[in-house]
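Inspection log for the structure reproduced underneath, given as C-alpha cells.
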Amino acid sequence: MYKWLFLALALLLTGCSDSDKSGLQFSEKGREVPEFNADTVYKFVQQQVDFGPRVPNTEAHRQAEAYFVEKLKEYAGPNAVFVQEFTAEGYDEQLELGNVIAAFNLSAQDRIMISAHWDSRPRADMDSTRQDEGIVGADDGGSGVAVLLELARMFSENPPPIGVDIVLFDGEDYGESGSLEKYFLGSRYWSNNPPVPGYSPRFGILLDMVGAEGAQFPKERYSLNYAPNLVEEVWNIAAEKGYEDYFLNEEGAAVSDDHVIVNEQARIPIINIINHSRTPRGNAQFAPHWHTHNDNMDIISRETLQAVGDVMAELIYNRL
C-alpha cells in the first residue's frame, strides 16, 4: 500500500529541478479560499495536550502518533499516509521515533511541503520547578501540528490547486540546552533518508509556536536567506488581511530549527513562521512559557491560530 504511494510520488516529483526553486514567483489567482476554522484547531491542540507530554518512548508519544495517523488517513485517504519509523541514540536510551507524512493531490507534479514538529520537550529546563519532567507543549509543537491538521481537513473537502505534502517531524525538541547535537532528530533523518528519492517541492514552510496569545512573527533571518520571495509573499498576505500585529514587518533573529536542517541537508528552500523576538545583540528570545510547564492551554489563542491559518490558506489556495 505505502510502496505504491511513494513510487507514484517519486515519478511525479523527480521532474522538479533546482531551477524551479530559484526566484519563487507568486500572484493572486482569484480563486475562492475555504474557511479556516480556529475552533477546530483549538480542539486539535487540546487533544494533543490531553495525551500528556509527547516525549519519545512514552505511552503519550505512542498515542499521539496513532492519533495523527488516524486523522490524516481520514483526510488524505488510507493510501496517502506514511510513518517513517526510525531509531536514534538518546542520552541513556534508544529512541523509537516516527515522522508522520501525508500527501494531498497526488496527481500534481508541482508540490509544496508544510511541516511542524509533533514531539514535546522531555524537560522543563526554563522553569523554576519540576525541571526534569516533560512539558505538554501546547504551543511548542502542538499549535503548528493543529494548524496543519485543520489545513488537512480543508484539503479533504476542497482539494488544493497544487500538491501539498504534510510532514510532522518527531524528535525536534529532545536535546539538552547548550548543544544542538540531539535536536532536530526527525528532520535530520528525513533529510538524509527521503521517503521519495529526489523529492523536490517548490518550497517548504515550517510552523513552530504559532498559537500563543500575543504571538509575534518577525521575518526569521535564515528564512530570508533561504527563500526571501516566499517570506515577502507570506508577510504581504498577512498585511492585506490586517494581521500586521502578528506578522511583523521587521527582521527577526536566526533561529536554529527543523527548517535549517531541511534546507542545508535536503536542499529545499524552506521558511519558518515562529513566535520570537530579537535581542539588541541579535539573538532569539522566546515567549515566557517557552520550555516551561506554562506551555499549556491557558496561553493558546484562537485569534493567533486564526491569523496563521488564514495566511496559510490564502497562500495555498490563491497565490500558487
**Prompt:** So, Gln94 and Thr87: side-chain donor and acceptor under 3.5 Å apart, yes or no?
**Reply:** yes

**Asked** Does any pair with a residue in residues 144-158 pass salt bridge (Lys or Arg N to Asp or Glu O under 4.0 Å), and if so which ones, sequence neighbours excluded?
**Response** Glu150-Arg153, Arg153-Glu157

**Prompt:** Where does the angle between the aromatic ring planes of Phe286 and His276 fall among parallel (under 30°), tilted (30 to 60°) and perpendicular (over 60°)?
**Reply:** tilted

**Asked** Any side-chain heavy-atom pair from Trp190 and Phe169 closer than 4.5 angstrom?
**Response** yes

**Request:** Count the heavy atoms belonging to other residues, nucleotides or ligands that lie under 6.0 Å from CD of Glu240, then report whether that count exceeds 12.
**Result:** yes

**Message:** Looking at Gly30, is its backbone amide N or carbonyl O close enough to the side chain of Asn318 to form a donor-acceptor pair, meaning the two atoms are under 3.5 Å apart?
**Reply:** yes

**Request:** Say whether His61 and Asp170, considering side chains only, have a donor N or O and an acceptor N or O under 3.5 Å apart.
**Result:** yes

**Item:** Where Phe36 and Leu305 come nearest, the two heavy atoms and their spacing
**Value:** CE2-O, 3.5 Å

**Asked** So, do Tyr91 and Tyr174 have ring centers that fall under 6.0 Å from each other?
**Response** yes

**Request:** Output all residues satisfying side-chain hydrogen bond (donor to acceptor under 3.5 Å, both in side chains) with Asp39, sequence neighbours left out; order by chain, then residue number.
**Result:** Arg302

Let me have the donor-acceptor pairs involving side chains of residues 210-220, under 3.5 Å, with sequence neighbours excluded, atom names and distances please.
| residue | atom | partner | partner atom | Å |
| --- | --- | --- | --- | --- |
| Lys219 | NZ | Glu232 | OE1 | 3.2 |
| Lys219 | NZ | Glu232 | OE2 | 3.2 |
| Lys219 | NZ | Asn249 | OD1 | 2.7 |
| Glu220 | OE1 | Tyr222 | N | 3.3 |
| Glu220 | OE1 | Ser223 | N | 2.7 |
| Glu220 | OE1 | Ser223 | OG | 2.6 |
| Glu220 | OE1 | His259 | NE2 | 3.0 |
| Glu220 | OE2 | Tyr222 | N | 3.2 |
| Glu220 | OE2 | Val255 | N | 2.8 |
| Glu220 | OE2 | His259 | NE2 | 3.4 |

**Request:** Verify the distance criterion only: is there a donor paired with an acceptor across the side chains of Asp140 and His117 at less than 3.5 Å?
**Result:** yes

**Listed partners of Asp125 passing side chain to side chain contact (heavy atoms under 4.5 Å, CB included), at least two apart** = Arg121, Arg123, Ser177, His291

**Prompt:** Do you see a donor-acceptor pair shorter than 3.5 Å between the side chains of Asn193 and Gln84?
**Reply:** no

**Request:** Look at the side chain of Ser120 and the backbone N and O of Arg54, then say whether any donor-acceptor pair between them is shorter than 3.5 Å.
**Result:** yes

**Item:** Sole candidate of Leu230, Leu148, Ile112 that passes side chain to side chain contact (heavy atoms under 4.5 Å, CB included) when paired with Ile205
**Value:** Leu230

**Asked** Which atom names give the shortest non-hydrogen contact between Tyr226 and Ile270, and what distance separates them?
**Response** CD1-O, 3.4 Å

**Any side-chain donor near an acceptor of the partner, Asp165 and Tyr199, under 3.5 Å** = yes

**Prompt:** So among Glu93, Arg62, Glu96, which one has a side chain to side chain donor-acceptor pair (under 3.5 Å) with Asn57?
**Reply:** Glu93

**Asked** In this structure, are over 12 heavy atoms from other groups packed under 6.0 Å from Met297 atom CE?
**Response** yes

**Request:** Please go through Ile135's hydrophobic cluster and name the other residues, only I, L, V, M, F, W, Y counting, with side-chain heavy atoms under 4.5 Å joining them.
**Result:** none

**Item:** Nearest heavy-atom neighbours spanning Gly98 and Trp118
**Value:** O-NE1, 2.9 Å

**Electrostatic pair Arg319:Glu314 at N-O distance under 4.0 angstrom** = yes

**Prompt:** Of the non-hydrogen atoms in Asp258 and Ser187, which two are nearest, and what is the gap between them?
**Reply:** OD1-OG, 2.6 Å

**Item:** Side-chain donor-acceptor pair present, Glu233, Asn229, cut-off under 3.5 Å
**Value:** no

**Request:** Mind checking side chain to side chain contact (heavy atoms under 4.5 Å, CB included) for Glu133 and listing every partner two or more places apart, or none if nothing turns up?
**Result:** Arg130, His293

